[in-house]
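Written below as structure tokens is the structure these notes are about.
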Amino acid sequence: MSQNEIYYESDDDEAIQQLGNFETDALVNTVTTITDLMRRCWGVAGANIISANLARQEGGLASSFNPTVPGEAAYALFAFIGIKDFDNHLNALKDEIMILINDIAAVLHEEVYRWGYEDSGQCNKNLGGAFLMVYKIGAVKEVIEKLEQAEAVIFSRRTTKVRRRRSRRSILSTNRISTNSTLTRAPADRMSGNHLDSIDLSSLPGMRAFTDRALLGLLKTFVGIHRDKTILEWNDDFRLGAGVGAASINLLFGMDAGWAVEGAVGSEYKIDATYLSPHVNMASRMMSATKQYGVHFLLSERVQKLLSENAKGTLRHLDTVTVKGSSVPLKIFTYDTKVRHDFFLYSRTESQADLDSERYSTSIWHTDQDLCAMRSHVSDEFIATFTRGREEYLAGNWPQAIELLLQADNLMFEAQLEEGYNTSLAESSFRNINIADDREVSQERLALGDGPCQNLIVYMKSRGGVAPKNWDGYRALTSK
């Protein structure tokens, strides 16, 4: 074999190796692209559901897709985010509504992913004018096992102390202690809805930071849409403002926490990866009820209990209600927010915002510029007066409650005037109610007051201003 032939063979081998590497890279890139498209189309949860489904085997071979496989029960935080006045925007923009939705989604998704604990925030789906966000805590079985392990450690320590203390009397208290433990619960009851709702998620390690970060992502979204240049340009669109420049792109937020079944719903022709649960429905109800109370955020008591103490201190207990399908009274809370036109003053670059998220601590609730600006109109005197009014309302002392809530509403009105707020027609429509049977009260005055105060006053006055004899300290929530 000549020298040239040796070179030729060497070149051919190298070319074949390069071709093989190219084919492998092309295959990897194709699979990566398909996986990325799955995540974009079905969300992270959907991609996981479908991946698990396709991983099933029959006779040693991967089986075809089967959308009827059982779902998995999981604990999560659920958030519904709705575009305020979406129907009006849809009628005005027609086909261009998709552009507006995607502009809003760009801000929402970025903040949810940025602040979600270890990428836990999942953008599950868009339902036209609303988005469902899921912050998955873990599979129900895993969560229960972790809690039982922690409980076993606690009770073993307690048992050891009891034995030491009572060793002289030879009294073994382990049986008595174990009867109070959920470890002795019958297996058949462990996956029932009532038992799953009774689990104390707040005792999970890191749960408070997990919930804090979920709420922070939504609050940062609220600020983001009011300083994002692309979305601010929509406010000047003559179609949305009826030609008078009164448009205001706004979002409404509702949150709940609990269990849900994660799985695929549909048939071989069409499937949707989704979460089915009364807690998903509750998050949707919370979002809808924001219009009733004139606020941007509503959180259920289940979410409030999972937050850090600093975060809890920024929430306001508005009312105690029951919802359709449940007779259990539930406290509802808001994080007081106000649309400001100077949010741009506190803008952060993407790298700075990422760093803020990485350096999260509970002190953020008192130091972050965005959060402080949102609540700058809320004074200690207002909170104290509202709290007294709400307590009188829940206790059935409605005449006193009305008087105190009127005072609180006036305090809010004065605070907003001092800060120089100018409300638009779009913002004033937020409070289209008659606060004190006074037809001379303008919509501008109502808009500068406090929505929850006005809502409770109207509710009591519409029933004669005196609590009924069967008043139990809560009312049915009418929003669906």
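If you read the sequence from its start, that first residue is 1, and numbering goes on from there.
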- Please walk me through it: do Lys338 and Ser376 pass side-chain hydrogen bond (donor to acceptor under 3.5 Å, both in side chains)? CA-CA 8 Å; Lys338 186 68 181 179; Ser376 62; over 6 Å; no
- Message: Please determine whether side-chain hydrogen bond (donor to acceptor under 3.5 Å, both in side chains) holds for the pair Asn310 and Ser308, giving the CA-CA distance in whole Å, both sets of side-chain angles, and the decisive distance to 0.1 Å.
- Response: CA-CA 5 Å; Asn310 280 2; Ser308 67; 5.7 Å; no
- Query: Does the side chain to side chain contact (heavy atoms under 4.5 Å, CB included) test come out yes or no for Met133 and His109, once each step is laid out?
  - Reply: CA-CA 9 Å; Met133 300 293 152; His109 292 182; 3.8 Å; yes
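- Counting heavy atoms from C-beta on, the side chains of Tyr75 and Leu204 never come closer than 4.5 Å.
- With sequence neighbours left out, Ala401 forms a side-chain contact (heavy atoms from CB on, under 4.5 Å) with Glu392, Tyr393, Met460.
- Considering every non-hydrogen atom in both Val107 and Thr221, the closest pair reads CG1-O, 4.2 Å.
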- Task: Verify salt bridge (charged side-chain N to carboxylate O under 4.0 Å, His left out) between Arg388 and Glu391, making sure each step is shown before the conclusion.
- Result: CA-CA 5 Å; Arg388 289 168 54 205; Glu391 290 176 348; over 6 Å; no
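- Between Asp368 and Lys220 there is a salt bridge, since a side-chain N of the basic residue sits under 4.0 Å from a carboxylate O of the acidic one.
- In this structure a side-chain-to-backbone donor-acceptor pair under 3.5 Å is missing from His279 to Leu276.
- Within the 4.5 Å cutoff, side-chain heavy atoms of Arg239 are placed close to those of Trp234.
- Residues Pro452 and Phe386 come closest through the heavy atom pair CB-CE1, 4.2 Å.
- Between the CG atom in Leu252 and the CZ atom in Phe222 there is a gap of 9.5 Å [rounded to 0.5 Å].
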- Take Leu477 and Tyr293 through the side chain to side chain contact (heavy atoms under 4.5 Å, CB included) test and state the conclusion after the steps. CA-CA 11 Å; Leu477 187 65; Tyr293 287 92; 4.0 Å; yes
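- Separating the CG atom in Leu201 from the CZ atom in Arg208 is a distance of 10.5 Å, to the nearest 0.5 Å.
- Tyr346 and Ala373 make their closest contact through CE1-CB, 3.6 Å (heavy atoms, listed as atom of the first residue, atom of the second, distance).
- No side-chain heavy atom of Met286 sits under 4.5 Å from any side-chain heavy atom of Leu299.
- Heavy-atom neighbours of Lys305 NZ from other residues, nucleotides or ligands within 6.0 Å: at or below the threshold of 12.
- Looking at heavy atoms from C-beta onward, Met287 lies out of side-chain contact with Ile81 at the 4.5 angstrom threshold.
- The environment of Lys331 atom NZ is sparse: at most 12 non-hydrogen atoms of other residues, nucleotides or ligands sit within 6.0 angstrom.
- In this structure, Ser284 contributes its side chain and Val280 its backbone to no donor-acceptor pair below 3.5 Å.
- Considering all non-hydrogen atoms of both residues, Ser361 and Ser363 come closest at OG-OG, 2.7 Å.
- Here the OG-CD1 distance, from Ser300 to Ile332, works out to 9.5 Å after rounding to the nearest 0.5 Å.
- For the residue pair Thr322/Arg475, the side-chain donor-acceptor check at 3.5 Å is not satisfied.
- Judged purely by atom type and a 3.5 angstrom limit, Asn455 uses its side chain to pair as donor or acceptor with the backbone of Gln292.
- The backbone N or O of His317 lies less than 3.5 Å from a partner atom in the side chain of Arg390, making a donor-acceptor pair.
- Atom CG of Leu232 sits about 11.0 Å away from atom CG of Asp103, to the nearest 0.5 Å.
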- Message: Does Trp115 form a side-chain hydrogen bond (donor to acceptor under 3.5 Å, both in side chains) with Asp212? I'd like the steps, not just the answer.
- Response: CA-CA 9 Å; Trp115 287 93; Asp212 275 15; over 6 Å; no
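- Heavy atoms of other residues, nucleotides or ligands lying less than 6.0 angstrom from CD of Glu381 number 12 at most.
- Pro468 meets the side-chain contact (heavy atoms from CB on, under 4.5 Å) test with Trp398, Asn470, Trp471; sequence neighbours excluded.
- Using a 4.0 Å cut-off between a side-chain N of Lys or Arg and a carboxylate O of Asp or Glu, Asp370 and Arg375 do not qualify as a salt bridge.
- Atoms OG and CG, on Ser327 and Asp472 in that order, are 11.0 Å from each other to the nearest 0.5 Å.
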- Message: Working note: Gln454 + Asp450, criterion side chain to side chain contact (heavy atoms under 4.5 Å, CB included); need CA distance, chi angles, decisive distance, verdict.
- Response: CA-CA 6 Å; Gln454 296 165 9; Asp450 181 62; 5.5 Å; no
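- Looking only at side-chain heavy atoms (C-beta outward), Arg302 and Met282 come within less than 4.5 Å of each other.
- Considering only heavy atoms from C-beta on, Phe131 comes within 4.5 Å of Ile101 through its side chain.
- The main-chain N or O of Phe344 is found under 3.5 Å from a side-chain atom of Ser347 such that the two form a donor-acceptor pair.
- The six-membered or imidazole ring of Phe253 lies away from that of His296, with a centre-to-centre distance of 6.0 Å or more.
- Within a 6.0 Å radius of CG in Asp342, more than 12 heavy atoms belonging to other residues, nucleotides or ligands are found.
- Ring pair Tyr335/Phe297 is perpendicular by interplanar angle, where above 60° counts as perpendicular and below 30° as parallel.
- The backbone N or O of Leu77 sits nowhere less than 3.5 Å from a side-chain atom of Asp256 that would complete a donor-acceptor pair.
- With respect to the salt-bridge test (charged N to carboxylate O, under 4.0 angstrom), the residues Glu262 and Lys136 qualify.
- For the atom pair CD1 of Ile457 and OG of Ser462, the computed distance is 12.0 Å after rounding to the nearest 0.5 Å.
- When Asp336, Thr387, Thr334 are each tested for a side chain to side chain donor-acceptor pair (under 3.5 Å) with Arg316, only one passes: Asp336.
- The main-chain N or O of Ala92 is never found under 3.5 Å from a side-chain atom of Asn88 such that the two would form a donor-acceptor pair.
- Nearest heavy atoms, Phe78 versus Ala260: CZ-CB, 3.4 Å.
- Between the side chain of Arg463 and the main chain of Tyr459, a donor-acceptor pair closer than 3.5 Å is present.
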- Evaluate salt bridge (charged side-chain N to carboxylate O under 4.0 Å, His left out) for Lys141 paired with Glu72, printing each intermediate quantity in order. CA-CA 9 Å; Lys141 291 181 180 179; Glu72 180 184 50; over 6 Å; no
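- With sequence neighbours excluded, no residue satisfies salt bridge (Lys or Arg N to Asp or Glu O under 4.0 Å) with Asp228.
- Ala257 and Leu306 get closest at one heavy-atom pair: CB-CD1, 3.9 Å.
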- Item | Chi angles and distances behind the side chain to side chain contact (heavy atoms under 4.5 Å, CB included) call for Ile104, Leu251 | CA-CA 9 Å; Ile104 292 173; Leu251 297 181; 3.9 Å; yes
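- Tested against Ser357, the residues Arg213, Arg114, Glu111 include a single side chain to side chain donor-acceptor pair (under 3.5 Å) partner, Arg213.
- In this structure the side chain of Lys291 never reaches within 4.5 angstrom of the side chain of Lys84, judged on heavy atoms.
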